[in-house]
Amino acid sequence: MDGTKLQAKIYIGYGKAAKRIGFDYQQFRATSASNPLSSTALQTLPASFTTNFSYSAPNKYGQATWLGLFDARPLEVGDFLVGRQGTFFIAAMQDTLPIYCVLTNRVVSVLRDHQDQSIGLGAYSGGTRATEVSLMQGWPASILQGTKGETNDAKLPLDVKTPWWLILMPAYPGIILRTSDVIRCELGRKYVISSAELTDMGWRITAMQAQV
């Protein structure tokens with residue numbers, strides 16, 4: 001027995017369990033930076049998602065991560081599984097450890113704002129939809145409320161804080177997100193990236209909601 005054989009046996013065991021307790025999910029893998037779910041599914045496989053392997057605790061508000069139970073031998077980090085419980089992406093497949101997955105709740109596009117110097121006063125320039133260049137389109141992502149808000153400059157009595165959001169999404173080779181990039185979701189919301197951390201589990205992003 002070596003590490004490779006042990007890992008295969010673990011995933012085979014997950015697959016056998018998923019056949020008994022799971023539901024059918026379709027596997028997708030991005031082949032470009034646009035619309036990773038628009039291609040033909042690679043396969044349909046049984047899968048189950050839980051917060052712990054004893055299935056004794058439900059998920060909670062503000063928690064996007066789950067443990068996946070399925071035969072992961074033909075899967076890779078960043079693959080999507082679409083089925084009964086929603087759309088998940090595989091965040092990590094660490095040796096001999098549970099498969100770490102993220103449940104998505106939004107579909108987003110990431111854009112870079114090439115600001116138009118003709119907009120604004122003096123040295124200030126503002127972005128418009130016309131100056132946004134697409135980096136990624138149609139990507140399932142998790143967008144959950146952050147822990148703070150931002151007071152606007154006017155500070156009027158009835159003003160509310162501008163909300164911050166925590167965003168998790170897969171990485172795509174060759175695309176590096178940076179501060180001030182724009183994320184738009186299918187609800188019509190606009191988010192401006194404050195920080196983007198590229199981890200071995202994909203992008204972990206902090207963003208401020210902005211006016212459309």
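- Cluster annotation: Val107 and Leu177 are assigned to distinct hydrophobic clusters (Ile/Leu/Val/Met/Phe/Trp/Tyr, side-chain heavy-atom contacts under 4.5 Å, transitive).
- To the nearest 0.5 angstrom, Arg29 atom CZ is 8.5 Å from Ile90 atom CD1.
- For the pairing with Tyr14, the side-chain contact (heavy atoms from CB on, under 4.5 Å) check across Leu67, Ile99, Asp71 returns one residue only, Ile99.
- Between Ser48 and Tyr55, the shortest heavy-atom contact is OG-OH, 2.7 Å.
- In this structure, Tyr172 and Ser32 approach most closely via the heavy-atom pair OH-CA, 3.1 Å.
- Listed for the Trp66 side chain is no donor-acceptor partner under 3.5 Å among the backbone atoms of Asn59.
- Although no hydrogens or angles enter the test, the distance criterion places no donor-acceptor pair under 3.5 Å between the side chain of Glu132 and the main chain of Leu111.
- Nearest approach of Ile167 to Ala141, heavy atoms of both residues: CG2-CB, 4.5 Å.
- Taking the ring-ring contact (aromatic ring centres under 6.0 Å, His included) definition, one finds that Tyr25 meets it with Phe49, sequence neighbours left out.
- Listed for the Thr50 side chain is no donor-acceptor partner under 3.5 Å among the backbone atoms of Phe53.
- Closest non-hydrogen pair, Pro170 versus Pro140, comes out as CD-O, 3.9 Å.
- Side-chain atoms of Phe28 and Leu81, non-hydrogen and from C-beta on, never get closer than 4.5 Å to each other.
- Under a hydrophobic-cluster definition in which Ile, Leu, Val, Met, Phe, Trp and Tyr are linked whenever side-chain heavy atoms come within less than 4.5 Å, directly or via other members, Ile175 and Leu198 are assigned to the same cluster.
- Residues Leu144 and Met169 do not share a hydrophobic cluster, defined by chaining ILVMFWY side chains whose heavy atoms lie under 4.5 Å apart.
- Closest of all the heavy-atom pairs between Ala64 and Leu168 is CB-CD1, 4.3 Å.
- Shortest non-hydrogen contact noted between Pro46 and Phe70 is O-CB, 3.5 Å.
- For the 3.5 Å distance criterion, the side chains of Thr44 and Asp24 fail to qualify, holding no donor opposite an acceptor.
- In this structure, the side chains of Asp79 and Phe89 stay at 4.5 Å or more apart for every pair of heavy atoms.
- Legend: salt bridge (Lys or Arg N to Asp or Glu O under 4.0 Å) pairs involving residues 96-112, not counting sequence neighbours, sorted by first then second residue: Arg106-Glu186, Arg112-Asp181.
- Note: the hydrophobic cluster containing Met136 does not contain Leu166 (ILVMFWY, side chain heavy atoms under 4.5 Å, direct or indirect links).
- In terms of modelled atom types and a separation under 3.5 Å, the side chain of Ser109 and the main chain of Arg184 share no donor-acceptor contact.
- Looking at Asp200, its side chain never comes within 3.5 Å of a backbone N or O of Ala92 through a donor-acceptor pair.
- Under the 3.5 Å distance criterion, the side-chain polar atoms of Thr104 are matched with a main-chain donor or acceptor of Thr87.
- In this structure, Ile12 is not a member of the same hydrophobic cluster as Leu69, with clusters built from ILVMFWY side-chain heavy atoms closer than 4.5 Å.
- The side-chain heavy atoms of Gln145 and Trp165, taken from C-beta on, include a pair separated by under 4.5 Å.
- With no hydrogens or angles considered, no side-chain donor-acceptor pair links Asn35 and Gln137 at under 3.5 Å.
- Geometric assessment of Arg84 against the ring of Phe23 yields a positive cation-pi assignment under the 6.0 Å and 45° thresholds.
- Asn52 and Ser54 form a side-chain donor-acceptor contact under 3.5 Å, judged by distance and modelled atom types alone.
- Although no hydrogens or angles enter the test, the distance criterion places a donor-acceptor pair under 3.5 Å between the side chain of Thr179 and the main chain of Ser194.
- Of the N and O atoms on the side chains of Gln209 and Trp164, not one donor lies less than 3.5 Å from an acceptor on the other residue.
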